[in-house]
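All remarks here apply to the structure that follows.
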Amino acid sequence: MTKEISKTYSPQSIEDKWYSYWLSNKYFHAKPDEREPYSIVIPPPNVTGVLHMGHMLNNTIQDVLTRRARMQGKNACWVPGTDHASIATEAKVVQMLRERGIKKSDLSREDFLKYAWEWKEKYGGIILEQLKKLGASCDWDRTRFTMEPSLSEAVIDVFIDLYNKGLIYRELRMVNWDPLGKTALSDEEVIFKDVNSKLYYIKYHLTENSKIEIQNSNLDISISDFVVIATTRPETILADAAICVNPNDERFKHLIGKKALVPFINREIEIIADEYVAMDFGTGCLKVTPAHDKNDYDLGKKHGLEVIDILTEEGFLNEKAQDERYIGKDRFAVRKQIAIDLEEAGFIEKIEEYKNQVGTSERTGAVIEPRLTLQWWVDMKKFLAKNPQVLDAVMNDEIKFHPVNMKNTYKHWIDNIKDWCISRQLWWGQQIPAWYSEDGNFVVAKTEVEAIEKFKIQHPTSNIQHLKQDEDVLDTWFSSWLWPISVFDGFKEEGKEDIKYFYPTNDLVTAPEIMFFWVARMIMAGYEWMGQKPFSNVYYTGIVRDKQRRKMSKSLGNSPDPLDLITQYGADGVRMGMLICSPAGNDILFDESQVEQGRNFANKIWNAFRLVKGLTIKPDAEFAADLLASNKISEKWFDARFNIALAEIEEKCKDYKLSEALMMIYKLIWDDYCAWYLEMIKPVYGEALNQSTYDQTVIFFEKLMLVLHPFMPFITEEIWQEITERKEGESICVASYPAVETYNYTSLQNTFETISKIRELRNNKGISPKEAFEIVIKTSQIELYEPYQFLIKKLANVSSILFNEEAPNYVSLSVSTDQVFVKLNIEIDAVAEAEKINKEIEYLIGFMASVDVKLSNEKFVANAKPELVEKERQKKDDALAKIEVLKQSLAGL
RNA sequence: GGAAGCAUAGCUCAGCUGGUUCAGAGCAUCUGCCUUACAAGCAGAGGGUCACAGGUUCGAAUCCUGUUGCCUCCA
């Protein structure tokens, strides 16, 4: 050994060394040239984010795709960046300020933003730094941020453009209100959760007049003084505007048009009728609260009911609730309290346990409050009518989804699309370019100066002395949907080279849960502003879960820290562990043992490297002809194996079945190269290997490293650099990926089987591997064994091989259709041997019978493919031949 | 409540248009081994009526129908 190589692979120093080598040589930087482009845009992680297991999986996959493309001679560009994540970041900054004793409400917009930017500068880059540890081959010179000036400008331009096209409007509507974030949310940002709640049955007394009217009527009904309604939200009774029953409900017909009193505050509300009311739910009487329920709002609008909003933007009760006991208190506190108060006052008939679903904010977790507010909307139906390709391209596979069944989900969403609420009552984000005059008119314009000009034309009578810009910012996704265009500066007038060259991008790798938020909308933006798709393939990764199938999350504490994992197992090990069990679209059940498997694999490769590096080499001329011939056979065999496997690997990669491809590489290296090939050519201890075989062995190793490199970039670079001389500036990152070459396949099937069977025998009889055997092979095809005797002798420790000789008192082994007889130096049990052979004969007879059934079935012979029938005949012949051999050996015992 | 999907070894999954790649892989388990590259290893082994019930067919894990059980998305 020329130099000492450590017995176990230690990734730490190697990984940092090579990553900085790659960066300093700018291998990841791409600019347009004459090569075929390959591009991926990263799903920009939130600036607030730290790397979690989902990112690890997602970015490993992107890196594999990018590195493969780069090695295959394409000009690969993976654009990194971060998302300003308006609501998530604003929440973090507010919290940080609170910890410092500063209230957001005490700050001006400008001061707040100053703090927010400070925060972003400090923490915003963390996640990208972490990606470097993973080995991500992003073009870091192209790092973008959704709120950097040029990207923000694109967002504003797009807003104005859409407004001018009549695709954006402003309207008072019921929205999903997040009382914690104090902002509106889009439907997609609301997560429904099952909760155990209570259904309260509350009595509303009729007014005196109503009672009298009913008594005076001619209806034959028993009179009661009240109606009962069922609700899960008793605090909202203070906002009730009516009670509604189904007009077809016989039980309540007499009540229609009468009046009832809201408990405690005694507001008179009318009992109205509408078929919307389900007769079989609750009591059949519905309380109508237009301000606090979407359906009630619609109902109220239809019947002209008053909208009584009793909640503040933070979800506290306001003075409209009228009852002093509750004003200024939180909605949930009031719910508890009012239930007790109602019960004490005798308004509660009963309380039932009830399971229902409650909408919560994706970002803050707060329970969503339906709230009537003035917001900005994108008219999605109109948008899609203008861009029908948004659906068509996915349905006809112009944009391919992996796995394909995601197409259904996509179509369903598109078919049921709702308008997109894009305004957010936040400060962190792109401020909406709408300008208001004091008399309530507005124009949409990029700057105040332009706004003034527009006012002069559109609202000449307005007072434009004090124009005020809209306070709200745009939904984060209103900037992310432009990402594949804006990262290449596609909205700018000049510098079109990048966008022309890299757009449309090739692959997008993302989580299925943001298909609507992001994927669908990028497709929309792509067609609207570029006139073509933003990417050709979408690979949906699964969700990373723990062994108990629970989603990994910070709050559950079931997620390992990715950086700790990398420190412990190496980036290569972690990448392999994540990928080995993650078919597209399937959730991955993460377990540290998989990462351990990855680390073990790296170590295995490392030791193969130690072996090869440690070999002593001598010229071929110094070796015996039979050894050289044997080694040639081994080389030829592995060459064929490699090419067969490579073809399969490429096939899998083409289908985006990366975990299957990786598994094939794993087996190719571990089983074929290490367990078989290296053992076949390895000289006995102390002896040398011939030069030509050594050279070939190194070439194989190199090729294996190239194929594995996209998956495990660090160890492959280290070995690729060390296995042979490299020039300064060379790297496996930019080396060419092997192509499938022609090969002559020599099947060593029978040889390998013979070796395995002899090893098995040794195992069963407890005979040491050091003890050599003499064997006799009975076969009609000597050519399947004769040239490979050397290998059988070496790998199964066999001292001599004879063909078709008598083998009295030998133990018989079945190899394919042949028999191998092994001479043991111990006494063999003739009776047991005979029994074993008889069993085998019995099985073969049964097997033949089943084949005969098929062959004597006229319909089978007539309908099945001829080659299939032929195969069945062959099976029968083989079995017959084998029975013959077995009978002979039985006689010999 | 609506839609789609899934059900194959202990676990995670492959199995295209029905027939030798038809019952597979990796991990885990078990049994031997510290055999000069590797115990993070080596050599072997055992494990499945392909969820259940019908049907189509000469032939079904594969196609059809129903049942049950899971998961996801939407409301």
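Numbers restart at 1 for each chain; the letters A, B, ... are given by sequence-line order, proteins then strands.
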Q | P spacing across the pair C27(B) / A40(B), given as an integer number of angstrom | A | 15 Å

To the nearest angstrom, the CD-P distance between Glu513(A) and C71(B) comes to 17 Å

Is any side-chain nitrogen or oxygen of Arg545(A) closer than 4.0 Å to OP1 or OP2 of U12(B)? no

To the nearest angstrom, the CG-C1' distance between Asp671(A) and C42(B) comes to 12 Å

Regarding the side chain of Tyr685(A), the nearest nucleotide among G44(B), A75(B), U36(B) is U36(B)

Review point. Does atom NZ of Lys400(A) have more than 12 heavy-atom neighbours from other groups under 6.0 Å away?
Key: no

Lys381(A)/Asp419(A) ion pair, N-O < 4.0 Å: no

Per atom distances to the Leu678(A) side chain, the nearest of A37(B), A25(B), A40(B) is A37(B)

Picking from U35(B), G26(B), A4(B), the nucleotide nearest the side-chain atoms of Asn408(A) would be A4(B)

What's the gap between C63(B) and G15(B) when it is taken at their P atoms, as a whole Å value?
12 Å

When both distances are under 3.5 Å in a Watson-Crick or G-U wobble arrangement, the nucleotide paired with G59(B) is none

Regarding U21(B), purine or pyrimidine glycosidic angle vs 90° from 0 gives syn

Among the nucleotides C74(B), U72(B), G19(B), whichever has the atom closest to the side chain of Phe860(A) is G19(B)

Taking C74(B), A40(B), A14(B) as options, the one with an atom nearest any side-chain atom of His412(A) is C74(B)

Between G47(B) and U8(B), how far apart are the two C1' atoms, rounded to whole Å? 13 Å

Exercise for the section: Answer with base, sugar-phosphate or nothing: what part of the nucleic acid does Tyr666(A) contact at a heavy-atom distance below 4.0 Å? Expected result: sugar-phosphate

Residue pair Gln597(A)/Asn416(A) against RNA chain B: nearer the 5' end by closest nucleotide is Gln597(A)

Self-check item: Asp298(A) bridged to Lys294(A) by N-O distance under 4.0 Å
Solution: yes

The nucleotide from G26(B), A40(B), G44(B) with an atom nearest the side chain of Glu760(A) is G44(B)

Notebook entry, point to check: For the side chain of Lys604(A) and the base of C38(B), is some donor closer than 3.5 Å to an acceptor across the two?
Noted result: yes

Is the shortest side-chain N/O distance from Lys7(A) to OP1 or OP2 of A37(B) below 4.0 Å? no

Among A37(B), C58(B), G15(B), the one nearest any side-chain atom of Ala608(A) is A37(B)

Taking for Arg599(A) and for Cys674(A) the nucleotide of RNA chain B with the nearest heavy atom, the one nearer the 5' end belongs to Cys674(A)

With syn meaning chi within 90° of zero and anything else anti, the base of U8(B) is anti

With Tyr569(A) as partner, the option from Glu592(A), Gln594(A), Arg599(A) fulfilling side chain to side chain donor-acceptor pair (under 3.5 Å) is Glu592(A)

Could you tell me how far C33(B) sits from G26(B) if I compare only their P atoms? Round to whole Å. 24 Å

Atom CG of Asp415(A) and atom P of G2(B) are separated, to the nearest Å, by 18 Å

*Under 4.0 Å between any heavy atoms, over every strand shown, what does Ser593(A) touch: base, sugar-phosphate, or nothing? Just pick one.*
nothing

Asn763(A) atom CG is separated from G44(B) atom P, nearest whole Å, by 8 Å

Discussion item. Work out how far the C1' atom of C16(B) is from that of A61(B), and round it to whole angstrom.
Written reply: 14 Å

Winner on side-chain proximity to Leu611(A), out of C73(B), G44(B), A37(B), is A37(B)

Whole-Å C1' distance, G59(B) and G2(B) = 40 Å

TODO: Would you tell me if any nitrogen or oxygen in the side chain of Trp670(A) comes within less than 4.0 Å of OP1 or OP2 on C42(B)?
DONE: yes

Between OH of Tyr677(A) and P of A37(B) the distance, given in whole Å, is 16 Å

**Message:** Centre-to-centre under 6.0 Å for Phe752(A) and Trp676(A), is that the case here?
**Reply:** yes

Here the distance between atom C1' of G5(B) and atom NZ of Lys407(A), to the nearest Å, is 15 Å

Which is true for Phe609(A) with a 4.0 Å heavy-atom rule: it touches a base, it touches only sugar-phosphate, or it touches nothing?
nothing

The Watson-Crick or G-U wobble partner of U65(B), with both key distances under 3.5 Å, is A53(B)

Taking the same atom, P, in U36(B) and in U31(B), what whole-Å distance lies between them? 24 Å

State plainly whether the residues Glu679(A) and Lys682(A) are in salt-bridge range, i.e. N to O under 4.0 Å. yes

Per atom distances to the Glu679(A) side chain, the nearest of C38(B), G15(B), A45(B) is C38(B)

Taking a pair to mean Watson-Crick or G-U wobble geometry with both distances below 3.5 Å, A43(B) pairs with U31(B)

Of A25(B), C73(B), A37(B), the nucleotide closest to the side chain of Lys667(A) is A25(B)

When rounded to whole Å, the CH2 to P distance for the pair Trp676(A) and C42(B) reads 13 Å

Rounded distance in Å between the P positions of C58(B) and U49(B): 28 Å

inquiry  = Check the phosphate of C74(B) against Thr409(A), side-chain N and O only, distance under 4.0 Å to OP1 or OP2. Yes or no?
reply    = no

Pairing partner of A75(B), by Watson-Crick or G-U wobble and under 3.5 Å for both distances, is none

### Task
Taking atom types as modelled, find out whether Tyr788(A) and Thr754(A) have a side-chain donor-acceptor pair closer than 3.5 angstrom.
no

Practice prompt. Considering only NZ, NE, NH1 and NH2 on the basic side and carboxylate oxygens on the acidic side, decide whether Lys757(A) and Glu753(A) come within less than 4.0 Å.
Written response: yes

Regarding G47(B), purine or pyrimidine glycosidic angle vs 90° from 0 gives syn

**Item:** Ion pair Lys667(A)/Asp672(A), N-O distance below 4.0 Å
**Value:** no

Rounded to whole Å, CG of Asn600(A) lies from C1' of A37(B) at a distance of 15 Å

